[in-house]
Amino acid sequence: MTQFFGMDVGVPFPTVFQMAKQIITFFIMEDTYHYWMHRLLHWGPMYRRVHRIHHQYAAPFGLAAEYASPWETLILGIGTIGAPLLVGAITRNLHLLTVITWVTLRQFQAIDAHSGYDFPWSLRHWMPFWGGADWHDAHHKYFRGNYSSSFRYWDSKYSLLSARDIILTVYSFDGHSGWNRSWREKEG
């Protein structure tokens, strides 16, 4: 099956640059897929039948990232594993080590986003377009907006951001708490 999807399992291993380029591509592809599927999961019937389980925790913690119905795990998991399979099938240039590294990083990201803590090592401190825990905490608090898994692009583009008065970390660096700008300022 790995050969069918253009996945290599032998040596030599890919370079760090090759892995980084593919993993960044996977994050972008998965985030796009996750945004649209997660938004669909908030539609009435899908929310009641599939996604409500995940939202039992209004103040999420790390393990809540994986607390979901089997259907939700399947629907959103397609984005996680589908990105490398699609890239491998098209380019015929993918290594199993890259996929394992990608899935590990994606799990770390999901746990970080659901941790409820703004860790100093969170990517949002040096990448203003990264979601982070504060971003996803607002989603669990208000149950709408902030549907993306990693980046803020889709939510920003479609103005589906939670609670206008929440300080979301986006544009201007203040030196202490990261990139700060209130969405109320943006709209006002």
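Throughout, numbering of the chain's residues begins at 1 and tracks the sequence. The shown structure was predicted, so the numbers you read here are calculated from the model rather than taken from an experiment.
- Counting heavy atoms from C-beta outward, E72 and I53 have side chains that stay 4.5 Å or more apart.
- Distance NZ/K21 to CD/Q18: 7.0 Å, rounded to 0.5 Å.
- Under the 4.5 Å side-chain heavy-atom criterion for grouping Ile, Leu, Val, Met, Phe, Trp and Tyr, Y67 is not connected to L41 through any hydrophobic cluster.
- Between the side chain of T98 and the backbone N or O of M19, no donor-acceptor pair lies under 3.5 Å.
- For N146 against D155, the heavy-atom pair with the smallest separation is N-OD1, 3.1 Å.
- In the hydrophobic clustering of ILVMFWY residues, with side-chain heavy atoms under 4.5 Å counting as a link, M29 and F27 come out together.
- To the nearest 0.5 Å, atom OG1 of residue T2 and atom CG of residue L85 are 10.5 Å apart.
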Donor-acceptor pairs under 3.5 Å, side chain of residues 104-112 to any protein atom, not counting sequence neighbours: which ones?
{"residue": "T104", "atom": "OG1", "partner": "I100", "partner atom": "O", "Å": "2.8"}
{"residue": "R106", "atom": "NE", "partner": "E30", "partner atom": "OE1", "Å": "3.3"}
{"residue": "R106", "atom": "NE", "partner": "E30", "partner atom": "OE2", "Å": "3.2"}
{"residue": "R106", "atom": "NH1", "partner": "Q109", "partner atom": "OE1", "Å": "2.4"}
{"residue": "R106", "atom": "NH2", "partner": "E30", "partner atom": "OE2", "Å": "3.2"}
{"residue": "Q109", "atom": "NE2", "partner": "S149", "partner atom": "O", "Å": "2.4"}

Identify every side-chain donor-acceptor pair in residues 87-97 under 3.5 Å, counting partners at least two apart or on other chains, and give the distances.
{"residue": "T91", "atom": "OG1", "partner": "V87", "partner atom": "O", "Å": "2.8"}
{"residue": "T91", "atom": "OG1", "partner": "N93", "partner atom": "N", "Å": "3.2"}
{"residue": "R92", "atom": "NH1", "partner": "F4", "partner atom": "O", "Å": "2.9"}
{"residue": "R92", "atom": "NH2", "partner": "Q3", "partner atom": "O", "Å": "2.8"}
{"residue": "H95", "atom": "ND1", "partner": "L97", "partner atom": "N", "Å": "3.0"}
{"residue": "H95", "atom": "NE2", "partner": "G10", "partner atom": "O", "Å": "2.5"}

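- Across D137 and A113, no two heavy atoms sit closer than the pair OD1-O, 4.1 Å.
- Looking only at distances, no side-chain donor or acceptor of H114 sits under 3.5 Å from a matching main-chain atom of A64.
- Side-chain atoms of H125 and D118, non-hydrogen and from C-beta on, do get closer than 4.5 Å to each other.
- Sparse packing is recorded around OH of Y117, with 12 or fewer heavy atoms of other residues, nucleotides or ligands lying under 6.0 Å away.
- For the pair R124/W135, no side-chain contact is recorded, criterion being any heavy-atom separation below 4.5 Å from C-beta on.
- In summary, the aromatic rings of Y147 and W36 are positioned with their centroids too far apart to meet the 6.0 Å limit.
- Annotation: side chain of S150 is in contact with side chain of W130 (closest heavy-atom distance under 4.5 Å).
- The backbone N or O of T80 sits less than 3.5 Å from a side-chain atom of W102, completing a donor-acceptor pair.
- The backbone N or O of W43 sits nowhere less than 3.5 Å from a side-chain atom of H51 that would complete a donor-acceptor pair.
- A donor-acceptor contact shorter than 3.5 Å is absent between the side chain of D31 and the backbone of S148.
- Separation of the H139 and H54 ring centroids does not fall under the 6.0 Å cut-off.
- In terms of heavy atoms, M46 sits closest to L40 at CB-O, 3.5 Å.
- Across D134 and G131, no two heavy atoms sit closer than the pair OD1-O, 3.4 Å.
- Under the 4.5 Å side-chain heavy-atom criterion for Ile, Leu, Val, Met, Phe, Trp and Tyr, V99 and V16 are members of distinct hydrophobic clusters.
- A heavy-atom distance below 4.5 Å is not found between the side chains of F151 and T32.
- No path of Ile, Leu, Val, Met, Phe, Trp and Tyr side chains, each step under 4.5 Å between heavy atoms, connects I78 with V103, placing them in separate hydrophobic clusters.
- Under the 4.5 Å side-chain criterion, counting only non-hydrogen atoms from C-beta, I75 is in contact with Y33.
- Residues I23 and F129 share a single hydrophobic cluster, defined by chaining ILVMFWY side chains whose heavy atoms lie under 4.5 Å apart.
- The main-chain N or O of L76 is never found under 3.5 Å from a side-chain atom of H34 such that the two would form a donor-acceptor pair.
- Note: Y47 and H42 have tilted aromatic rings, judged against thresholds of 30 and 60 degrees for the angle between ring planes.
- Heavy atoms only, all atoms of each residue included: G116 and A133 are closest at N-CB, 4.2 Å.
- Side-chain N or O atoms of S156 include one that pairs as donor or acceptor with a backbone N or O of R152 at under 3.5 Å.
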